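Nothing here was measured: the structure is a model prediction, and the numbers come from that model.
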Amino acid sequence: MNPALRVEVADTCGHTAVLTLTGELDLYTAETLYNSVADVLDHQRTVILELTGVTFSDSSGFNILLRLRRRAQDRHADLVLAAPPPHLVAVAFVLDGGPCEVGVESTIVDATGDALSVLRPGGVTREDLEEVLGCALAVPSTSRVRVPGQHPSHYAPRARVVLVEPEKVVAEAELAQELGHQVGVLLPPSFADTAVKVHAGVALPASMATYARGLYAFLRELDQRGCDLIVASLPVEEGLGLAIANRLRRAAGPPPT
């Protein structure tokens, strides 16, 4: 059981089970919640999640609740959320506005200290901010301020992501394929026309704006094509390249434990 989230069966009566959740719903605890509740859903007609003890939830937590709802529907069962705290009630529904124009999420700036810093690079680039603000902005690797996207393995697809130097992408991808992996590769523009002996490949666009817009779609495509390993490289970390590199590093981070 993940120490950041505790899931306990509080009561079982007939075909109904009550589970109490205590702790945080985030990337690290999402699979713990899913596995615990899914196992009960497979044996009960109604599962009630008592949420009073949930102190925090990010988008990963919301996503797992939606997955559990779909699982319940597939099994003709009911999933009931009881006593959800305000931070869970606040999101009643999500509107789908179609494909994102930017792709990478918003830029987050820390203004709580003596100097401004970028906690999460995003669609508004550091260079744009520095031009407007008239001062240099640091981009620290860690922060005491809790913001979205700070987990080491945030943004990760199901396949494991390995980062190598751009000139080594093809060789490393083909080697991993020879070793038995189903390899997906994100090919830098300079290798776009190169024939690579791997399971699946995506030729990356030369435009950083187009790359940023399609980054998550590229990773999910390789997931959907059955890859268990994705070989990629970091772009030059300027402009939108800084945000793309940030997302790729976290996609290649250690898996939740």
Heavy-atom check, side chain of Leu119 versus side chain of Pro140, under 4.5 Å: yes
CA sep, side-chain torsions, deciding dist, call: Glu221, Val202, side chain to side chain contact (heavy atoms under 4.5 Å, CB included): CA-CA 9 Å; Glu221 176 187 341; Val202 172; 3.9 Å; yes
Stepwise side chain to side chain contact (heavy atoms under 4.5 Å, CB included) test for Leu187 and Val170: CA-CA 8 Å; Leu187 284 168; Val170 172; 3.9 Å; yes
Donor-acceptor contact present, side-chain Glu130 to main-chain Ala136, <3.5 Å: no
Spatial distance of atom CD (Glu167) from atom CD (Glu172) [nearest 0.5 Å]: 10.5 Å
N/O donor-acceptor pair under 3.5 Å between Arg69 side chain and Leu79 backbone: no
Path from Val161 to Tyr211 over hydrophobic side-chain contacts below 4.5 Å: yes
NZ-CG distance between Lys168 and Leu163, expressed to the nearest 0.5 angstrom: 13.0 Å
hydrophobic_cluster_shared for Val185 and Leu175, side chain cutoff 4.5 Å: no
Donor-acceptor contact below 3.5 Å, side chain Asp39 vs main chain Asp42: no
Exam field: side chain Ser207 to backbone Ala209, donor-acceptor pair closer than 3.5 Å: yes
For the student: nearest non-hydrogen atoms of Gly61 and Leu25, plus distance: CA-CB, 3.9 Å
Close side-chain approach of Val198 and Val231, heavy atoms under 4.5 Å: no
Smallest separation among heavy atoms of Pro157 and Ala251, with atom names: CD-CB, 4.1 Å
Phe56 backbone acceptor or donor facing Glu24 side chain under 3.5 Å: no
Residue Asp74 excluded, over 12 heavy atoms near CG under 6.0 Å: yes
Smallest separation among heavy atoms of Ala77 and Gln44, with atom names: CB-O, 3.8 Å
For Val104 against Gly122, the heavy-atom pair lying closest together: CG2-C, 4.1 Å
Distance-minimising heavy-atom pair for Ala83 and Glu50: CB-OE2, 3.6 Å
Flag side-chain contact, heavy atom, 4.5 Å: Leu242 against Thr125: no
Cluster overlap Ile230 with Tyr216, hydrophobic side-chain contacts below 4.5 Å: yes
Sub-4.5 Å side-chain heavy-atom contact between Ile64 and Glu31: yes
Salt-bridge criterion met for Arg220 and Asp223 (N-O under 4.0 Å): yes
Thr107 and Arg126 side chains, donor-acceptor separation under 3.5 Å: no
From Ile48 atom CD1 to Thr20 atom OG1, the distance as rounded to the nearest 0.5 Å: 12.0 Å
Shortest non-hydrogen contact from Cys227 toward Ala159: O-CB, 3.4 Å
Salt bridge Lys197-Glu178, side-chain N to carboxylate O under 4.0 Å: no
Path from Val118 to Ile108 over hydrophobic side-chain contacts below 4.5 Å: no
Contact check, side chains of Leu49 and Val47, non-hydrogen atoms, under 4.5 Å: yes
Audit row: Leu215, Leu248, side chain to side chain contact (heavy atoms under 4.5 Å, CB included) steps and yes/no: CA-CA 9 Å; Leu215 173 61; Leu248 285 173; 3.9 Å; yes
Residue pair Thr29 / Asp26, side-chain donor-acceptor N/O under 3.5 Å: yes
Test item: Pro84 and Val54 side chains (from C-beta on) under 4.5 Å apart, heavy atoms: no
Donor-acceptor pair, side chain of Arg213 and main chain of Glu101, under 3.5 angstrom: yes
Linked, directly or transitively: Val164 and Ile244 (ILVMFWY side chains, under 4.5 Å): no
Inter-residue atom distance Glu8.CD - Ser36.OG, 0.5 Å rounding: 10.5 Å
Leu222 side chain reached by Leu186 side chain, heavy atoms, under 4.5 Å: yes
Check: Val183 main-chain N/O paired with Gln177 side-chain donor or acceptor under 3.5 Å: yes
Arg225 backbone acceptor or donor facing His199 side chain under 3.5 Å: yes
Leu41 side, atom CG; Tyr34 side, atom OH - distance, nearest 0.5 Å: 8.5 Å
Between CG on residue Leu21 and OG1 on residue Thr55, distance to nearest 0.5 Å: 10.5 Å
Test side chain to side chain contact (heavy atoms under 4.5 Å, CB included) applied to Leu204 and Phe218, step by step: CA-CA 9 Å; Leu204 296 174; Phe218 300 150; 3.7 Å; yes
Leu33 side chain near Leu65 side chain, heavy-atom distance below 4.5 Å: yes
